[in-house]
Amino acid sequence: MGRFYLTTPIYYVNDAPHVGHAYCTVNADALARWHRLSGDSTKFLTGTDEHGQKVADAAVKNGVDPQTWTDQTSRRFREAWDALDISYDDFIRTTEPRHTETVQKFLTAIYENGYLYKDVYSGLYCVSCEDYFTLEASDEGQCPIHHRPLTEMSEENWFFRLSAFEDRLLEYYEEHPGFVTPETKRNEAVSFVKGGLRDISITRTSIDWGIPVPWDPGHVFYVWYDALINYLTAIGYGRDDDQVEEWWPASHHLIGKEIIRFHCVWWPAMCMAAGLDPVSHVQVHGWLLVGGQKLSKTMAAEGGVRLTDIAPVVLTDEFGVDPLRYYLVRETALGNDGEFSHEGITARYNTDLANNLGNLVARVSTVVGAKCDAQSLIPGRDTELRTEAERAIDLARRAWERFAPSQALEATWGLIGATNAYLERHAPWKMESGKELDAVMADALESIRLVSILISPVMPSVAQEIWRRLTLEGSPTDSPQDESLVWGLYRARGPLSKGEPLFPRIRSDE
Ligand code: MSP
């Protein structure tokens with residue numbers, strides 16, 4: 001049993017949450033739930049990134065002041081996460097006083113260590129990215145991500161000597177091969193550093209919607225510089241050293257692939273400059289695409305995707321909370337890009353949930369309800385299903401440990417498939433009541449008990465409902481998984497009955 005500190009990126013509050021944000025947050029939630037189930041002392045952090053030009057512009061456009069705007073939009077993120085049953089332990093907002101305090105302390109440490117200097121910056125800027133581009137890195141003067149014209153900016157700023165960290169960063173990558181996963185994304189970060197690092201401008205005078213620079217009034221910190229530090233705010237940096245000691249640096253950031261440079265280059269260098277060890281692990285994920293395009297407010301504004309139709313809360317109404325969570329985790333493994341579509345979610349729902357899992361629970365409950373005394377059923381010792389179950393548990397455990405929740409589900413569905421095949425072979429619906437039937441059904445029930453624990457990080461309510469239908473005591477997450485994911489523990493507390501379908505089929509024309 002250990003400690004597990006996991007963070008999502010903090011989301012910009014220029015607009016409402018969309019299913020791309022949900023993809024990251026749900027996967028993180030599943031990982032956090034798995035680690036809690038493993039008995040790890042767990043801290044799961046998410047939140048909102050509220051400063052910067054983009055958010056200030058959104059407030060003006062909506063005719064309110066930035067604080068009112070961020071209050072409203074940050075609330076929409078919390079509402080979406082509540083609707084998706086996200087079990088975050090802390091929700092950070094970068095406009096909170098605790099964050100200002102940590103940012104100012106952290107950056108003052110960097111300043112005092114001699115890594116900041118003042119200079120004039122001129123460059124091409126994309127407000128949607130809140131990032132500068134060189135002409136070469138741009139798409140003929142347009143942002144390569146948002147395909148909009150970049151604007152020329154020039155101001156006197158404080159600069160961070162990122163260039164001083166090239167060797168130390170490469171050394172850090174070398175000594176910590178697991179720092180960035182998957183490997184392809186690690187290589188991306190390494191080649192970025194090898195390509196040569198330029199110092200970065202970290203303050204602004206052109207806007208005032210940001211955290212004031214303590215040693216130079218009139219400057220506020222650049223939004224990315226304040227945002228990255230949120231991971232330390234939540235564990236009390238500059239306010240509670242014991243807590244930092246407890247959670248840092250053995251922590252995990254789950255991030256999307258377009259923000260690798262910030263998290264895998266800037267952030268470790270910032271930590272080094274402040275005299276702190278960098279975070280030990282960054283897990284990168286790809287994008288959910290719709291019609292081949294990354295979801296974003298900016299894209300939606302250009303036509304095509306109607307973000308409101310696929311808002312997380314709309315989708316939970318349509319498919320249910322746990323089915324949506326299942327689809328987001330199962331369909332697109334962390335690291336890959338995936339396509340989000342109604343057809344895709346409907347297909348997963350009907351096949352994996354209704355046909356495989358739902359049908360398994362229904363047929364077992366029906367036979368046991370009609371032909372067995374459930375309370376006398378005890379799983380067998382050395383049976384064919386036991387071997388299948390132990391194999392699946394082992395695969396799933398290893399998948400969770402290497403940040404591969406989709407594969408953990410794949411292994412679990414392997415067990416569901418094996419149990420359905422086992423039932424087909426024995427055809428208990430044709431058998432007479434008696435010892436032989438009892439033996440078949442006790443093993444099938446035990447397999448379902450294990451499945452219910454294995455799915456609980458992704459489908460907590462469904463797992464609980466299956467547990468209840470099996471008439472088991474308490475809930476699937478009451479004991480640590482190394483005690484509960486052990487063959488042979490099924491004991492019914494009452495008779496079983498067929499019950500309503502767990503996943504009523506969705507017709508494809510609906
Ligand atoms: N505010 C910064 C992060 C600061 S973290 C210190 C930011 N915000 S964001 O709202 O634009 O994006 C937050 C995360 O959402 C990113 O990791 C991004 O990859 C993810 N996603 C946004 N759209 C996405 C998809 N369409 N698919 C999957 N994830 C995507 O960047």
Side-chain angles (χ1 to χ4, degrees), residues 23 26-27 29-31 33-34 37 319-336 338-341 343-365 379 383-426 443-467 469-470 476-477 481 484-487 490 501-506:
Y23 171 68
V26 167
N27 271 284
D29 185 60
L31 285 159
R33 285 178 187 266
W34 169 261
L37 183 61
F319 294 97
V321 177
D322 282 11
L324 176 61
R325 289 173 58 102
Y326 173 76
Y327 172 74
L328 291 175
V329 176
R330 177 66 188 91
E331 184 78 8
T332 309
L334 295 182
N336 302 343
E339 179 75 24
F340 175 88
S341 70
E343 294 74 28
I345 183 168
T346 306
R348 280 273 173 207
Y349 180 99
N350 281 338
T351 308
D352 297 4
L353 301 182
N355 288 1
N356 297 343
L357 176 57
N359 193 25
L360 173 64
V361 175
R363 70 212 301 202
V364 170
S365 308
T383 57
E384 42 181 314
L385 259 191
R386 177 179 184 158
T387 315
E388 296 283 357
E390 287 175 347
R391 209 174 66 90
I393 291 167
D394 183 49
L395 284 171
R397 276 189 179 131
R398 284 192 281 141
W400 282 113
E401 292 309 316
R402 55 167 206 279
F403 281 68
S406 173
Q407 278 130 331
L409 289 179
E410 193 181 345
T412 306
W413 258 256
L415 176 57
I416 293 170
T419 313
N420 272 323
Y422 170 84
L423 292 173
E424 297 292 338
R425 274 199 307 281
H426 291 274
D443 280 11
L445 282 163
E446 173 60 351
S447 173
I448 299 175
R449 183 188 71 85
L450 295 166
V451 164
S452 143
I453 298 167
L454 286 167
I455 64 171
S456 68
V458 180
M459 299 203 286
S461 304
V462 168
Q464 178 64 49
E465 173 58 15
I466 294 175
W467 201 259
R469 289 183 184 207
L470 295 186
T477 54
Q481 55 87 4
S484 59
L485 286 177
V486 171
W487 180 266
Y490 180 77
L502 269 176
F503 304 103
R505 282 184 69 83
I506 301 174

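Residues Pro405 and Leu31 form a side-chain contact, since some pair of their non-hydrogen atoms from C-beta on lies under 4.5 Å apart. Counting only heavy atoms from C-beta outward, the side chains of Gln407 and Trp400 never approach each other to under 4.5 Å. Thr419 has its side chain out of reach of Glu388: every pair of non-hydrogen atoms, C-beta onward, lies at least 4.5 Å apart. Pro476 is listed as a side-chain neighbour of Gln464, based on a closest heavy-atom distance under 4.5 Å. With contacts defined as side-chain heavy-atom distances shorter than 4.5 Å, the pair Arg386/Glu390 qualifies. Between Trp487 and Thr387, every side-chain heavy-atom pair lies at or beyond the 4.5 Å cut-off. Inter-residue side-chain proximity for Ile448 and Arg469 is flagged as unmet; no heavy-atom pair is nearer than 4.5 Å. With contacts defined as side-chain heavy-atom distances shorter than 4.5 Å, the pair Arg330/Val458 does not qualify.
Scanning both residues, Ala354 and Arg505, for their nearest heavy atoms gives CB-CG, 3.9 Å. Glu446 approaches Pro379 most closely through the heavy-atom pair CB-CG, 3.7 Å. Closest of all the heavy-atom pairs between Leu324 and Ile345 is CD1-CD1, 3.8 Å. Taking both residues in full, the closest heavy atoms of Asn356 and Asn420 are given as O-ND2, 3.1 Å, listed atom of the first, atom of the second, then distance. Shortest non-hydrogen contact noted between Ala411 and Ala392 is O-CB, 3.6 Å.
Paired with Phe503 under the rule side-chain contact (heavy atoms from CB on, under 4.5 Å), one option of Asn355, Asp322, Leu353 passes, and it is Leu353. When the options Leu454, Leu485, Thr477 are evaluated for a side-chain contact (heavy atoms from CB on, under 4.5 Å) with Leu37, the one that passes is Thr477.
How far CG of Leu385 is from OG of Ser447: 5.5 Å, rounded to the nearest 0.5 Å. Atom CG of Leu357 and atom CD1 of Ile416 lie 4.5 Å apart (nearest 0.5 Å). To the nearest 0.5 Å, atoms OG (Ser406) and CD (Glu410) are separated by 6.5 Å. Atom CD1 of Ile455 is separated from atom CD1 of Ile466 by 4.0 Å, given to the nearest 0.5 angstrom. Rounded to the nearest 0.5 angstrom, Asn336 CG and Glu331 CD are separated by 11.0 Å. Atoms CZ and CG, on Arg348 and Leu328 in that order, are 11.5 Å from each other to the nearest 0.5 Å.
With hydrogens and angles ignored, the 3.5 Å screen pairs no side-chain donor or acceptor of Tyr23 with any backbone N or O of Phe340. A side-chain donor-acceptor contact under 3.5 Å links Thr412 to the backbone of Ala408. No donor-acceptor distance shorter than 3.5 angstrom exists from the side chain of Arg33 to the backbone of Met459, with no hydrogens or angles considered.
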Check: Which is it for Glu401 and Arg398 under the salt bridge (charged side-chain N to carboxylate O under 4.0 Å, His left out) test, yes or no, and what are the steps along the way?
Finding: CA-CA 5 Å; Glu401 292 309 316; Arg398 284 192 281 141; over 6 Å; no
Margin query: With side-chain contact (heavy atoms from CB on, under 4.5 Å) as the criterion, how do Leu423 and Leu360 come out once you've worked through the C-alpha distance, each side chain's angles and the decisive distance to 0.1 Å?
Written below: CA-CA 9 Å; Leu423 292 173; Leu360 173 64; 3.6 Å; yes
Margin query: Determine whether Asn27 and Phe403 satisfy the following criterion, side-chain contact (heavy atoms from CB on, under 4.5 Å), listing intermediate values before the conclusion.
Written below: CA-CA 9 Å; Asn27 271 284; Phe403 281 68; over 6 Å; no
Item checked: Evaluation steps, side-chain contact (heavy atoms from CB on, under 4.5 Å), between Leu450 and Tyr490 -> CA-CA 9 Å; Leu450 295 166; Tyr490 180 77; over 6 Å; no
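With ring centers used as reference points, Tyr326 lies 6.0 Å or more from Tyr349.
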